[in-house]
Amino acid sequence: MALLVLDAVTKRFPGAAAPAVERLALAAARGEILGLVGPSGCGKTTTLRLIAGFEAPDEGEILIGGRTVARAGGREFVPPEVRGVGIVFQDYALFPHLRVAGNVAFGLAERPAGTRRARTREVLDLVGLAAFADRYPHELSGGQQQRVALARALAPSPAAILLDEPFSNVDAELRAELREQVRELLRATGTTAVFVTHDHEEAFTLADRVGVLHAGRLEQLDAPEVVYHRPATPFVAAFVGDADFLGGTVTGAGIVTEMGTFPDPDGLPPGARVHLMIRPDDVGFTPDPEGDTVVVRRDFRGPVNVYCLRLPSGRRVHSSQPSTAILPPGTRVRATAELLHVVTFPIA
Ligand code: ADP
Ligand code: MG
């Protein structure tokens with residue numbers, strides 16, 4: 001059974017031209033880690049605030065553990081403090097005047113003092129910060145502050161925890177390690193989590209399923225591999241990785257494009273015009289003075305070089321090549337495309 005359900009939830013802010021969140025429908029299973037990605041302003045924080053109870057929906061319904069916590073029209077509204085949801089804010093929002101232990105114990109105010117102390121110690125152990133219990137937040141690194149915020153959210157054993165851009169204030173070198181720690185922690189405690197980020201790689205590595213938000217609407221919710229290889233919309237295709245699109249025409253032989261003919265997985269009618277998605281890992285090339293394609297640019301990204309190629313039509317596609325493969329702009333090449341998954345979008 002789903003632990004968290006959003007049923008066609010819409011949130012409008014007064015004066016805004018478009019809803020911040022529009023008919024958002026999703027469900028998280030117990031213990032699932034759900035990642036929501038999208039660009040700045042697409043409604044990520046608003047979604048978390050709706051789940052937490054800091055905002056009320058204008059339409060739709062939110063359920064936690066099978067119980068309605070918010071229903072549009074103000075009929076039902078469970079306040080944040082009794083929703084059983086822990087939150088890790090983007091800036092951590094630690095209390096600067098409280099020590100680490102005091103911060104973690106904050107959400108346990110209702111418990112007897114002995115239980116409070118024991119649970120605080122337990123959770124600090126869990127996040128590996130037992131030795132820092134007496135420090136103040138400003139005496140900790142960003143990564144340590146983040147783990148205190150996580151410990152504080154986990155202390156009352158919430159049904160679910162929400163994390164807003166959890167790693168955006170952490171140094172890049174620490175991020176991968178911290179992601180792994182957070183993932184293990186959520187798994188070990190069986191905690192259902194919804195985290196939001198603008199970074200699709202972060203969502204891919206951490207989440208069981210990834211939802212892609214665009215202007216308040218959920219365009220796809222699937223396993224990371226599905227989102228990457230079978231994006232539901234051109235927006236998703238481009239947001240979760242480099243994507244180029246080739247114009248194609250459906251024929252009896254397949255989809256004909258300027259980079260070759262590809263099988264048509266959708267059984268489209270002959271004559272239909274489509275955009276065919278093509279990713280840099282699908283494109284290869286070999287230098288050839290007679291080639292009809294030209295190297296426009298090379299972006300060195302460390303482990304790979306990403307080449308921008310100009311096809312005879314003038315359309316540009318990108319090609320991912322080994323780090324050591326170096327060709328100057330202007331080089332003539334012969335380009336080929338091998339698609340593992342053929343993804344097309346109809347041309348309106
Ligand atoms: P994200 O977290 O994805 O960057 P937000 O959920 O913060 O996006 O914002 C979504 C949209 O709602 C944006 O257009 C933002 O300006 C607007 N918005 C968010 N909070 C408020 C608010 N309290 N009042 C008015 N508009 C808001
Ligand atoms: Mg935000």
Side-chain angles (χ1 to χ4, degrees), residues 4-28 33-62 64 69-70 72 74 77 79-81 83 85-94 142 145-146 149-150 152-153 160-170 172 175 178-179 182 193-207 209-222 224 227 231-241:
L4 169 72
V5 177
L6 273 70
D7 183 9
V9 169
T10 295
K11 175 69 192 174
R12 289 184 195 87
F13 288 109
V21 170
E22 194 169 5
R23 297 195 64 77
L24 180 60
L26 59 84
I33 304 176
L34 205 66
L36 296 177
V37 287
S40 175
C42 72
K44 300 182 296 292
T45 297
T46 303
T47 301
L48 293 189
R49 291 175 57 82
L50 284 159
I51 298 169
F54 300 127
E55 303 286 355
D58 295 306
E59 288 163 29
E61 184 175 354
I62 300 170
I64 298 173
V69 295
F77 191 82
E81 61 276 14
R83 285 197 184 187
V85 166
I87 304 163
V88 179
F89 295 97
Q90 181 165 7
D91 60 0
Y92 313 143
L94 297 175
Q145 289 182 30
Q146 208 256 8
L150 192 63
R152 183 176 63 183
I161 85 164
L162 311 177
L163 304 105
D164 195 348
E165 306 266 2
F167 308 106
S168 60
N169 293 323
V170 180
R175 222 171 277 162
L178 208 56
R179 267 184 215 163
V182 168
V194 180
F195 76 98
V196 303
T197 172
H198 62 278
D199 179 346
H200 67 273
E201 266 184 33
E202 192 164 295
F204 282 174
T205 48
L206 198 59
R209 284 189 304 154
V210 172
V212 183
L213 278 172
H214 179 209
R217 282 187 292 268
L218 187 66
E219 296 209 349
Q220 187 167 10
L221 177 60
D222 268 314
V227 170
T233 65
F235 175 82
V236 173
F239 189 75
V240 301

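Just follow the structure's listing: the first ligand is 1, and inside any ligand the first atom is 1. If you're wondering where the values come from, they're calculated on a predicted model, not measured in any experiment.
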Check your understanding: Who gets closest to atom 4 (O) of ligand 1 by heavy atom: Ala17, Gly41, Gly43?
Key -> Gly41
Review point. Would you say Arg179 has more than 12 foreign heavy atoms packed within less than 6.0 Å of its CZ?
Key: yes
Check your understanding: Mind checking whether the Mg ion (ligand 2) has an N, O or S of Ser40 under 2.8 Å?
Key -> no
Practice item. List the closest protein heavy-atom neighbour of atom 27 (C) of ligand 1: residue, atom name, distance to the nearest 0.1 Å. Key: Phe13 CD1, 3.2 Å
Review point. Parallel, tilted or perpendicular for His214 and Phe235, by the 30°/60° rule?
Key: parallel
Exercise for review: Examine distances only and state if a side-chain atom of Arg217 and a backbone atom of Arg23 form a donor-acceptor pair shorter than 3.5 Å.
Suggested key: no
**Study point:** Donor-acceptor under 3.5 Å (Lys11 side chain, Ala56 main chain)
**Key:** yes
Exercise for review: Consider every N or O of Glu55 and every N or O of ligand 1, then say whether any pair is closer than 3.5 Å.
Suggested key: no
Review point. In this structure, are over 12 heavy atoms from other groups packed under 6.0 Å from Glu201 atom CD?
Key: no
Check your understanding: Just by distance, do the side chain of Lys44 and the backbone of His198 share a donor-acceptor pair under 3.5 Å?
Key -> no
Exercise for review: Scan the protein's non-hydrogen atoms and note whether one is under 4.0 Å from atom 16 (O) of ligand 1.
Suggested key: no
Practice item. Report the nearest protein non-hydrogen atom to atom 6 (O) of ligand 1: residue, atom name, distance rounded to 0.1 Å. Key: Thr46 OG1, 2.6 Å
Revision key, fill the gap. Atom 12 (O) of ligand 1: closest protein heavy atom, distance to 0.1 Å, is Ala20 CB, 3.3 Å
Check your understanding: What residue and atom, counting heavy atoms only, is the protein's closest point to atom 7 (O) of ligand 1, and at what distance?
Key -> Thr45 CB, 3.7 Å
